[in-house]
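Worth saying up front: this structure is predicted, and the values here are computed from it rather than measured.
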Amino acid sequence: MVHVIENADGTRTPLIDASVHIFFPSNKDLRSFLREPFKSRGFPDYEMDWYGAPGSEYAPNTEGPERGRTYPGSDPDFVADELFSKRGVDIAILHPMGRGIMPDRHLGTALHAAHNEMMVSRWLEHEQLGERFRGTIRVNPDDIAGALREIEKWRGHPRVVQIGIPLQSRELYGKPQFWPLWEAAADANLPVAVHIEVGSGVAFPPTPSGNTRTYEQYVSFMALNYIYHLMNMIAEGVFERFPGVRFVWADGAADFVTPFIWRMDTFGRPHLEQTPWAPRIPSDYLPGHVYFIQGALDGPGDTDFAGEWFSFTGKDDMVMFGSSYPHWQCADIGKLPSALSDAQREKLCWRTAADLYGIDIAVGSGAQ
C-alpha cells in the first residue's frame, strides 16, 4: 500500500522524507572503510546503549534480504523499495547513524569519515537510485579540525545537503569553541542537523537530574535537550554572528519551542543590554534559522485546533516530515492531523524541505 496524500484534482502532494537513518550492515563492514590505527580499535555497536526500545529498535519488516544478519537501513535497494514504492516518498534525506561522542576524538572523526564514504559511494552515487537520495555528512563536534576537513571534502558534492552532529554533547553548541564549525557550515550553505545518538556515555546525561531509569523516560525527555542548545546559541549570539547558519532539530519536540521562546522573550526583553552581541528579541532569531523534523507530530494530536497550534511561533514554516525509517517509531504521512490547512500540509510534506535543501521536487522525483 502506498501512503500518499491524494488531492481532489487527482494529483498527489509530493513527499520529501527528511530523516531516513542508514547504517553499515555490520561492524565488520564498517572496519573495511577504516585504516589503521583505527581499523583494529574497539568501538560501540549501534545498539550498545543503556536504553533499548522494548521489543525492537526497528519497525517490523525493515530487516531486508539478509534478515537477522545485517542491520535494517543498510541495503539501498531494499530501502528504496520501502520508501519510494510502498510509502510514496519522492526524495529521501539520508542521515547515517554513528556512535555519538567518543572519548578519543580521533577515533570519533575516523568513524564519521567512514560513514560519509559509505553513504556517498553506496547511496548518493548509486547508479539507479542516487538521484532520489540526498545526504547528511557526519562530522565530529569534539574535533573541529577534523570536522572542517570533512566539510571541505564533501561540500561540493551535488547530493550532499547538510551536516550532521549528535544532540548529546559535552558542551552547549552556542559556546565559542564550536563557532568555526558553524561558520564553515554557513559558508558551505549546508544546514546542521542535530540528532539523538547514544555513544559511549561520555556526553551529558539525558536530563538535568541525570540518567533516567527506563526507555520511556529517556525517549520522552531526550529530544528536549535541543532547548538548552538553542537558548544558549541565541544568548551567545550565534545567529547574529553567522546569519547564514541553519539548525535542524531532527527528533521532534517542536511544540516546546513556543512556551520556551515565549519565556525567553518575556525575561530577555528587559535585559537585552546584557547581550549586545545578540541585540534582537530571542524569537526574532527563529525564522530562517531553526527547523524541526517530526514524524508522528508532537502537540495536541488530531484535534480541531491542531492547525492553529501548529501556526504558533511560526512552526508551520519550521517543521518538516521525517519518518525515522527504519526505527520502531517509523512514521506514516497518512496520519497527519486533519485540521491542518492545505498550505500547512504542503510545507510539512515537501515545500519547507525543498527550500531548505535546494531540491527541485519536479526533477527526477516521480512527483505528480
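Within the model, atoms CD of E240 and CE of M233 stand 13.5 Å from one another, a figure rounded to the nearest 0.5 Å. Atom-to-atom distance recorded for D316:CG and S311:OG is 5.5 Å, nearest 0.5 angstrom. Atom CE of M320 and atom CZ of F292 lie 10.0 Å apart (nearest 0.5 Å). To the nearest 0.5 Å, the span separating CD1 on I234 from OG1 on T275 amounts to 10.5 Å. Note: L286 CG to L230 CG = 6.5 Å, rounded to the nearest 0.5 Å. For the atom pair CD1 of I16 and CD1 of I333, the computed distance is 11.0 Å after rounding to the nearest 0.5 Å.
Under a hydrophobic-cluster definition in which Ile, Leu, Val, Met, Phe, Trp and Tyr are linked whenever side-chain heavy atoms come within less than 4.5 Å, directly or via other members, I227 and F247 are assigned to the same cluster. Hydrophobic clustering, with ILVMFWY side chains joined whenever heavy atoms are under 4.5 angstrom apart, keeps F204 apart from I165. Under a hydrophobic-cluster definition in which Ile, Leu, Val, Met, Phe, Trp and Tyr are linked whenever side-chain heavy atoms come within less than 4.5 Å, directly or via other members, F305 and V319 are assigned to different clusters.
Using a 4.5 Å cut-off on side-chain heavy atoms (C-beta onward), T303 and P300 make contact. For the pair E273/P279, no side-chain contact is recorded, criterion being any heavy-atom separation below 4.5 Å from C-beta on. A heavy-atom distance below 4.5 Å is found between the side chains of P208 and F221. Side-chain contact between R134 and I91 is present, with at least one heavy-atom pair separated by less than 4.5 Å. In this structure, T70 and S26 have side chains that are not in contact, with every pair of non-hydrogen atoms separated by 4.5 Å or more. Counting only heavy atoms from C-beta outward, the side chains of Y291 and P191 never approach each other to under 4.5 Å. The shortest distance between side-chain heavy atoms of L336 and C349 falls below 4.5 Å. Residues H95 and I22 fail the side-chain proximity criterion, which asks for heavy atoms closer than 4.5 Å.
With hydrogens and angles ignored, the 3.5 Å screen pairs no side-chain donor or acceptor of H327 with any backbone N or O of C330. Between the side chain of T136 and the main chain of L94, a donor-acceptor pair closer than 3.5 Å is present. Formation of a donor-acceptor pair under 3.5 Å by the S169 side chain with backbone atoms of E171 is found in this model. Judged by distance alone, the side chain of R213 and the main-chain N or O of Y218 form no donor-acceptor pair under 3.5 Å. Proximity of a side-chain donor or acceptor of N211 to a complementary backbone N or O of P205 within less than 3.5 Å is not detected. A donor-acceptor pair under 3.5 Å links the side-chain atoms of W277 to the main chain of A235, judged by distance alone. No side-chain donor-acceptor contact under 3.5 Å links R122 to the backbone of S74. No donor-acceptor pair closer than 3.5 Å links the side chain of Y226 to the backbone N or O of L167. Remark: side-chain polar atoms of H289 are paired, donor with acceptor, to backbone N or O of P243 under 3.5 angstrom. No donor-acceptor pair closer than 3.5 Å links the side chain of D143 to the backbone N or O of T109.
Looking at W179 and E183, their side chains never bring a donor and an acceptor atom within 3.5 Å of each other. Between the side chains of Q217 and S220, not a single donor N or O lies within less than 3.5 Å of an accepting N or O. A donor-acceptor contact closer than 3.5 angstrom is absent between the side chains of H126 and E131. Counting only N and O atoms by type, the side chains of D302 and S338 include a donor and acceptor under 3.5 Å apart.
The environment of F78 atom CZ is dense: over 12 non-hydrogen atoms of other residues, nucleotides or ligands sit within 6.0 angstrom.
Note on K153 versus E117: salt bridge recorded, some NZ/NE/NH1/NH2 to OD/OE distance being below 4.0 Å. Here R87 does not pair with D17 in a salt bridge; the nearest charged N to carboxylate O distance is not below 4.0 Å.
In this structure, W309 and F312 have perpendicular ring planes: the angle between them is above 60°, well past the 30° mark. Between W249 and H229, the angle of the ring planes stays under 30°, which puts this pair in the parallel group of the 30/60° scheme. Relative ring orientation between Y173 and F178 is described as perpendicular, the plane-to-plane angle rising above 60° on a 0-90° scale split at 30° and 60°. Under the 30°/60° scheme for interplanar angles, the aromatic rings of Y58 and Y71 are found to stand perpendicular.
When all heavy atoms of G42 and L107 are compared, the closest pair comes out as O-CD2, 3.7 Å. In plain terms, the two heavy atoms of T62 and P326 that are nearest each other are CB-CB, 3.7 Å. A pairwise comparison of heavy atoms in A188 and R155 identifies CA-NH2, 3.5 Å as the closest pair. Looking at every heavy atom in both residues, A331 comes nearest to G322 through CB-O, 4.2 Å. When every heavy atom of R159 is checked against every heavy atom of L124, the shortest pair comes out as NH1-O, 2.6 Å. Smallest separation of non-hydrogen atoms from L340 and R345: O-NE, 3.7 Å.
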message: Checking I293 against V248 for the side chain to side chain contact (heavy atoms under 4.5 Å, CB included) test, could you report, in this order, the C-alpha distance in whole Å, the side-chain angles of both residues, the deciding distance, and whether it holds?
response: CA-CA 7 Å; I293 296 174; V248 179; 3.6 Å; yes
task: Decide side chain to side chain contact (heavy atoms under 4.5 Å, CB included) for V245 and V238; before the verdict, give the C-alpha distance in whole Å, the side-chain angles of both, and the deciding distance to 0.1 Å.
output: CA-CA 8 Å; V245 77; V238 168; 4.2 Å; yes
message: Applying side chain to side chain contact (heavy atoms under 4.5 Å, CB included) to Q162 and V192, what does each step give before you reach the verdict?
response: CA-CA 6 Å; Q162 70 182 356; V192 180; over 6 Å; no
message: Does L111 form a side chain to side chain contact (heavy atoms under 4.5 Å, CB included) with L34? I'd like the steps, not just the answer.
response: CA-CA 7 Å; L111 291 170; L34 294 171; 4.1 Å; yes
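With sequence neighbours left out, the ring pair (Phe, Tyr, Trp, His ring centres under 6.0 Å) criterion links W123 to F133. Residues satisfying the salt bridge (charged side-chain N to carboxylate O under 4.0 Å, His left out) test with D142, not counting sequence neighbours, are R170. Every residue was checked against the ring pair (Phe, Tyr, Trp, His ring centres under 6.0 Å) condition with F321, not counting sequence neighbours, and none meets it.
Here the rule is side-chain hydrogen bond (donor to acceptor under 3.5 Å, both in side chains) with E197, and of Q168, H21, R138 only R138 fits it.
You'll find the ring centres of F260 and Y228 outside the 6.0 Å limit. Remark: aromatic rings of F33 and H115 are distant, center separation not under 6.0 Å.
Judged by the 6.0 Å distance and 45° axis criteria, R132 is positioned over the aromatic ring of F84. Cation-pi geometry between R280 and Y285 is met: under 6.0 angstrom from the ring centre, within 45 degrees of the axis.
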